[in-house]
Amino acid sequence: MQFNRRWKFGWGRFSEVDLFTDRHESNAETLSQAIRAAASEEPDADGSVLFGQLKGTVVGLRYYSGVVNQGEMVGLVRQPQNPYDRNAVMVANIYGNQVGHIKKELAAAMAYIMDNNLAKVEGVVFSGTKNTYTMPVMLSFWGKEESKNSVLEQMSRRGYKLNTEGGKLKGDNQQWYNSQDARAFSSKKGVTTALTADELKNAFDNLFEGLMESKDGEKEAAVSVATPLLLHQKQALSWMCARENKAALPPFWEKRGELYYNTLTCFSAKELPERVRGGILADDMGLGKTLTVIALILTNFHKGKPLPVEKCVEKVSPIKAKTTSQMALTLEGSSSAVGAGVSGTSSGSNLTQEEVICVDEPHAVKAADKSEKSKSKEKMKATKRKPSKEGSVLFEDLDFAAALSGSTSGTGSKKKKTDKKSSLTQIAESSITESPDDLKARTTLIICPLSVLSNWLDQFEQHMDPNVKLNVYLYYGPERNRSKKFLSSQDVVITTYNVLSSDFGNKSPLHGISWLRVVLDEGHIIRNPNAQMSKAVLDLKAQRRWILSGTPIQNSVRDLWMLVAFLGLKPFDTREWWNRVIQRPVTQGDRAGLQHLQTLVKCITLRRTKNSEVNGRPLVSLPEKKVYVEQVELSQPEREEYELARTEGKNTIGRYVAEGTVLRNYADVLAILMRLRQHCCHPDLLAKMSSDLGAAATPAELRERLIEKLRLVLASGSDEECSVCLDSVRLPVITHCAHVYCRPCIAQVISTSGQEVAHCPLCRGEIKTSELVEFPQEEMEEENITKPERWRTSSKVQALMGNLLRLRSKDSSIKCLVVSQFTRFLTILETPLREHGFSFVRLDGTMTQKKRTQVIQEFQSSAADSPTIMLLSLKAGGVGLNLTAASHVFLMDPAWNPATEEQCIDRCHRLGQKRKVVVTKFIVKDSVEENMVKIQRKKQDLMEKAFGSTNTDRKTSRIDDIVALMEL
DNA sequence: ACCGCCGGGTGCC
DNA sequence: ACCGCCGGGTGCC
């Protein structure tokens, strides 16, 4: 039976509720976010406790086809619309097939509890699975501690007594429980000891490490890939092709007789479980994920054959010329936005005719026996001979040919039957059988953040054989071609997460196409399942799915769900099974659960780091990197101003700490910290502030205060992130609970809530459209043009300039990145740079993509007059950015999250860097900055504490942070 | 369901 | 017999 990806049908309401209550908590990028996250007391499935258990009865088995095995978990779904009983509770197996109903009396008792979210009820069928009419089910009630008594009482009122002592039930039914539910029992006996937070943290850190062991040998790329692959890239290609082609059983499935059996959920099926064709390529950045994917696209079309590409030749026999809609690197309507790297259009247009030739040799070269032939010219010659070898028919395989022409061959229906039959007898390692429909899919859809869009285009350009035409369409910009027919005739369509999610729900052509392959670049950015773009991504139809990510896991098992769901790793693409089998066991320290998670990740992930080795040699050798901290002493007047601000802030925060209201006043706390950090950089960074922090008496006053906070966020130039779209805030508004969002984003949250009052995504406070406060437009413009009357220097500016001048006199060819979180600081720095005759460019979050590309190109240029300095805002651009022209990095101010700094450094310390990399971090002596650095160092410990611990612990450590920062 | 329940057929032993 | 008993029909929610 085929299940499509929308199989969550029956759970519609169920999974909505589930998704919402189990809200994702994003990795704390800034302390601000960290505090917000702690402030919002969200219901957390991880922290739920077992109330008790109850034997119930499933009835009506004969009316439904869903079957269950001994020990199999089942889902319980309320059916309030059931015409016979509005208390109905449906029972379904893991694949969503209905098994029966809970007996009505029991259902009546459960309905209230389920509808009011007092408990989550989970079922395991431990015996009687062969019964025709009814069977027993063990029901476990999970929920928040405070609901426990209410649930027990509700049930007992209806005559149902929950067994609250897990151990007692054990005697009779020793064998019924499965591994994960076993924990509830065995823990009592001490059979397994729970993992400590340390062990868990450690295991989690290593989850994505050591996944390197020889996967599937090596594979040469198709000849149309002009760049020779490095050894590790060939290994990745081989692994990826295998993941796409081989019908190996997914993790936790094994064959038992005629059936396929899932060892975790105890589900079994007659058919081969649908395989995950794809996975996570989690190589460190700089290892060439992009090239590997390009190679995959060209090398592994249907049935393991290379993508048939158009080859440009000047002389052509007219009979063979098969002109389809031909455009090379189509860029309709968006060329202006990209500019760089897409000039490929021209090469095709000056040729009169084109011939379609399958330029590729039969793939799969395991040994490295043909390394000499890898120069592209040579390859082209070789392939010219190819057709004769393969016969005069270019595509002898009918299905293959049909796939290309887009028409289904007459054998279609017949073929389908045999396919189905053969799939039953298939052995695990055979390759996947593709139906004629499957073979029609041609296009790979690549979704990436805007910042790396141009990189993809460059890389296609760079790595493709210039004589080969690949149809690459950039689906971006207002003029984008929305024709499904057109898009699905491309070889590659590239778009951004934002375009995808803005199209989503708006008769999106991207969602109407059956893609051959969908590739999510920087896939970790879809880790929040509530985000619109995550939903948009899940709704895509594709045969093969890939996630590229340099940082697959931030700090939580939650983050993984989205990835697993996108890959369609059943049954975990449904939240309930993920929670029951993986998330809850793992977060509660269950060893078996962790083991399962490790197995799962291992099966679908390939990850190599810069330090990985193949055959004892490092994958890539990067030049040395040295990090220096340069202490900066404030001048006397600066110090005085700083101390003044610090004392004032210390008093305020000290009061909050004493009152225990730190988290309630985090906006103020943040403001104080922000001002101190600004003092450390430059006095002109400080926005003129009203220091009135008292309670607002009138609405007008409240409004004024909110605007003040918003001003603070904006004026600092620190790239604030909107928690809804996860992008930089555009059209900022601030809620009454003092959280900043894009106006369209929060407006949508409110409108989709369907209620008069919605809840703030960050703190769950009530929000109304009428109460959103916007930044006054005039002030916004004024803010932008505000220039200090006369420029002045600061100690930090001096420190930087000293370094830059010294460097220039030593070697004028050295290029530098000057990085700050405050874009206004970058502006301040422009003046002395100009004065000293430095040629510089600037890259920050406010720039358009076109401008960015241009700036990067200028900077990367090796021309004599090219800029030697780039002023870079810490978060601008995101990860894909390649700034290898720079070999010196100056970090002007410390970031809350050391990973952000690392990422920034890695933009020049990456593949292609020829020089030694020197990083200088400026830290003001005896200041909040020094304390921030200490906290950075402590970050590992904090993460440990935060992981798998209660919200209270996390809160405590955040308050501790603040106390430490202020030296209270 | 190798049950319970319903409702029609039936009615000394 | 306005009962009991028998045995067939029937059966989730």
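Residue numbers start from 1 in every chain, and the chains themselves are labelled A, B, ... in the order their sequence lines are given, proteins ahead of strands. For the numbers below, each heavy atom of this structure counts, side chains included, while hydrogens, waters and symmetry mates do not.
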Over how many whole Å does the gap from [X] atom [atom1] to [N] atom [atom2] extend?
X	N	atom1	atom2	answer
A/Leu76	C/dC13	CG	P	15 Å
A/Asn131	B/dC2	CG	P	13 Å
A/Tyr63	C/dG11	OH	C1'	5 Å
A/Leu106	C/dC12	CG	P	17 Å
A/Met135	C/dC12	CE	C1'	13 Å
A/His101	C/dG11	NE2	P	17 Å
A/Lys103	B/dG4	NZ	P	11 Å
A/Tyr84	C/dC12	OH	C1'	10 Å

Do A/Asn82 and C/dC13 have a side chain to base donor-acceptor pair shorter than 3.5 Å? yes
Should the side chain of A/Tyr64 and the base of C/dC12 be counted as holding a donor-acceptor pair, with the cut-off at 3.5 Å? yes
Considering only atom C1', compute the distance from B/dG4 to C/dG11 and round it to an integer number of Å. 10 Å
Taking the C1' atom of each, how far is B/dA1 from B/dC5, in whole Å? 11 Å
Between the base of B/dA1 and the ring of A/Tyr133 - centre-to-centre under 5.5 Å, planes within under 30° - is that a stack? yes
OP1 or OP2 of C/dC13 under 4.0 Å from side-chain N/O of A/Lys104: yes
In the structure shown, which nucleotide is the Watson-Crick or G-U wobble counterpart of B/dC12, with both distances under 3.5 Å? none
Give a yes or no on whether a salt bridge exists between [X] and [Y], defined as a side-chain N under 4.0 angstrom from a carboxylate O.
X	Y	result
A/Arg256	A/Glu254	yes
A/Glu244	A/Arg544	yes
A/Arg158	A/Glu153	no

Please work out if A/Arg62 contacts a base, only the sugar-phosphate, or nothing of the nucleic acid, heavy-atom cut-off 4.0 Å. base
Base, sugar-phosphate or nothing for A/Leu61? Non-hydrogen atoms, less than 4.0 Å. nothing
Of the non-hydrogen atoms in A/Tyr64 and A/Gln98, which two are nearest, and what is the gap between them? CB-O, 3.0 Å
List the atom of A/Pro529, the atom of A/Trp561, and the distance in Å for their closest heavy-atom pair. CB-CZ3, 3.5 Å
